Amino acid sequence: MKCMICEQKCEIPLQGTGRCGMMTADARGIREQFPDRYLAAVDTAIESMPMVHYHPKGTFLQVCTVGCNFTCPGCVSEIITDHLGAIRGQFQEMTPEQVIDRAEQTSARGVMFCFNEPTVSFFTFMRLARMAKERGLLAGCATNGYMTEWAMSKITPFLDFVNIGIKGTSPEVCAACGIRDTNPIFRNIRLFHQKGIHVEISAVYKKGREDEIEQTARFIASLSRQIPFQVMRFMPFGNSDLDDEPRVMAAEALCRRLGQHLDHVFLFNTPGTGFLNSTCPECGQVIMARGFFGPMCANLYKYQSKGRCSCGYQLPLKGKIHEKTRSRLSGYFGGYRTVNAMSMIRAILGVLGVKDKAVADTVMADAVRSDLIDGLYARLNRIDAYFDTVDTFADVTETRARAAFFREYVGEKVRQIREQTRGVPKPRVYYCLGHPLIAMFGEKMESCLARTAGGDLTNQMARKESRPGITIDPREFGHMAPQIIVVADTLAWPPADVIAWCKNNSLSAPAIREEKIFGLHPFRSSTNPDWILGLMALANIIHPSIFKFDLKKEADTFYNTFYGHPFNNGRLPAFPWEEKQ
Ligand code: SF4
């Protein structure tokens with residue numbers, strides 16, 4: 001039986017499933033496997049979709065299920081797809097009436113289906129959007145736009161706003177995402193626009209793929225210069241290639257070029273960039289100021305009244321700017337927090353040698369179900385607590401010997417570093433989250449490791465806090481006077497760019513004058529078990545006269561010992577042992 005919901009047009013055998021894993025066929029036709037079941041239903045700001053010019057700061061009930069009709073490498077939801085078994089148990093059944101009741105209880109302006117592809121839960125989403133209309137609420141979604149014309153004709157009467165994600169336009173990108181071409185997507189963008197649905201575009205930008213973004217921008221401009229165009233600077237998730245991440249300065253240069261075609265170009269996944277603001281195309285003033293608020297997310301914190309520039313230009317907003325977002329951030333059965341936590345747990349299970357995927361699924365499902373994830377982030381930010389957490393997973397998977405071995409192997413390196421830095425003068429180290437003025441939180445694992453490696457971490461001197469890092473002002477930076485700057489992200493801010501930015505913005509510190517700016521790539525200092533490589537890299541950086549770890553050798557030994565293959569820039573297969581099974 002052919003599924004006509006998206007352009008994959010899968011032939012689904014009776015009781016089988018289509019490529020998204022969410023549609024099945026029975027005697028009555030194509031139907032959903034999990035109708036009216038959601039992974040999340042949470043009231044939050046529309047900027048988290050993200051939308052920038054639609055009911056800014058408005059509260060919407062965000063809903064999602066799981067699954068996708070694409071197979072793009074590096075997708076943030078990859079782990080959920082890989083471990084669908086683990087997450088299925090978390091579905092909560094809610095009728096359209098119940099979802100809308102919840103939206104009303106939270107004073108939401110409407111519902112938005114995002115985080116995973118709504119097409120794979122098409123009938124559920126359509127029932128919900130229709131119910132939203134009947135009850136006077138708004139409905140929208142973030143989608144890859146690969147629906148068939150039939151599906152478009154069914155859903156568009158109930159849609160008010162849509163964000164269409166473009167992964168790329170080249171044959172290679174289409175092949176990687178498992179689609180024939182992007183023609184249906186561009187056809188549907190035109191259709192959404194013609195039907196008066198508020199359209200915003202988010203285009204994934206990978207290094208070297210500037211032409212594809214410019215080509216997409218030209219198409220969008222042919223519909224209207226005023227359509228907001230969000231450039232999603234690629235952040236490597238899952239098994240994606242770290243080298244695909246573009247430099248921040250290259251991404252900002254691209255946005256400047258796109259501004260020739262479009263009035264409102266935005267840059268996401270880039271802490272500290274000015275391209276997250278809505279600026280006036282007439283006079284260049286900032287009309288709406290936004291900050292980085294996590295992956296694919298923005299936070300509107302300041303704006304000129306009603307989005308009107310003091311020069312008289314009116315931003316093309318739909319809906320009013322809401323004074324305050326009412327967001328409880330409760331009711332999460334999933335979300336990025338869950339995705340990240342599952343990723344950490346998977347890496348720990350790999351170290352413990354858990355080879356049975358069903359066991360891994362069960363552990364993850366239990367973690368998601370219980371309150372474990374709430375405390376997981378805090379527990380994985382301290383070295384001793386990290387070992388205890390690994391022990392907890394070892395208890396449930398009966399791999400205590402492996403946990404003891406991990407504790408002994410890693411603990412020995414930690415002991416060695418602590419021992420050799422005891423009583424040694426500590427240089428002032430500033431750990432930034434990419435942009436030089438975004439400081440890493442003091443309580444993160446990265447900060448803990450910089451201190452363990454014998455640094456006097458200056459980040460605690462920062463006062464003002466915002467998620468996910470602390471934005472400091474140039475005076476605070478001056479007070480810190482770091483002798484060493486460590487840049488947390490992978491390749492977005494190479495040391496040369498940090499130095500250039502600091503010099504161009506009159507930031508001065510010994511670390512800049514002496515060019516002591518370091519990245520850790522390809523080693524990590526976050527919460528995956530290979531943080532020990534990051535610690536050794538930091539020890540080499542902070543105390544070069546004491547430590548001379550051969551990082552390549554250490555990395556290969558660690559990976560061979562715990563994952564059974566050499567270090568490959570820290571990349572783990574989707575399931576760490578699948579290559580060997
Ligand atoms: S919705 Fe799923 S089953 Fe239907 S055509 Fe698309 S991928 Fe195939």
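Read the numbers this way: they start at 1 and go in the same order the structure lists the ligands and their atoms. Sequence positions, counted from 1, serve as the residue numbers for this chain. This is a predicted model, so every value here is computed, not measured. Values below: every heavy atom of this structure, side chains too, minus hydrogens, waters and symmetry copies.
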- Number of protein N/O/S atoms less than 2.8 Å from atom 2 (Fe) of ligand 1? 1

- Side chain, backbone, both or neither: the part of Lys9 lying under 4.0 Å from ligand 1 by heavy atom: backbone

- Task: Could you tell me whether Ile12 approaches ligand 1 through its side chain, its backbone, both or neither, with non-hydrogen atoms closer than 4.0 Å?
- Result: side chain

- Query: Can a donor-acceptor pair be found between the side chains of Ser202 and Asn163 at a distance below 3.5 Å?
  - Reply: yes

- Would a line drawn from the ring center of Phe275 to the ring center of Phe266 be shorter than 6.0 Å? no

- Taking the six-membered ring for Trp, are Phe113 and Phe125 ring centroids under 6.0 Å apart? yes

- If you look only at pairs with a residue in residues 207-231, which of them pass as a ring pair (Phe, Tyr, Trp, His ring centres under 6.0 Å), with sequence neighbours excluded? Phe186-Phe219

- Over 60° means perpendicular and under 30° means parallel, so classify the ring planes of Tyr563 and Tyr559, tilted if in between. tilted

- Applying side chain to side chain contact (heavy atoms under 4.5 Å, CB included) to Arg109 and not counting sequence neighbours gives His55, Phe60, Leu138, His322

- Item | By side chain to side chain contact (heavy atoms under 4.5 Å, CB included) - contacts of Asp26 (at least two apart) | Gln15, Arg28, Arg31

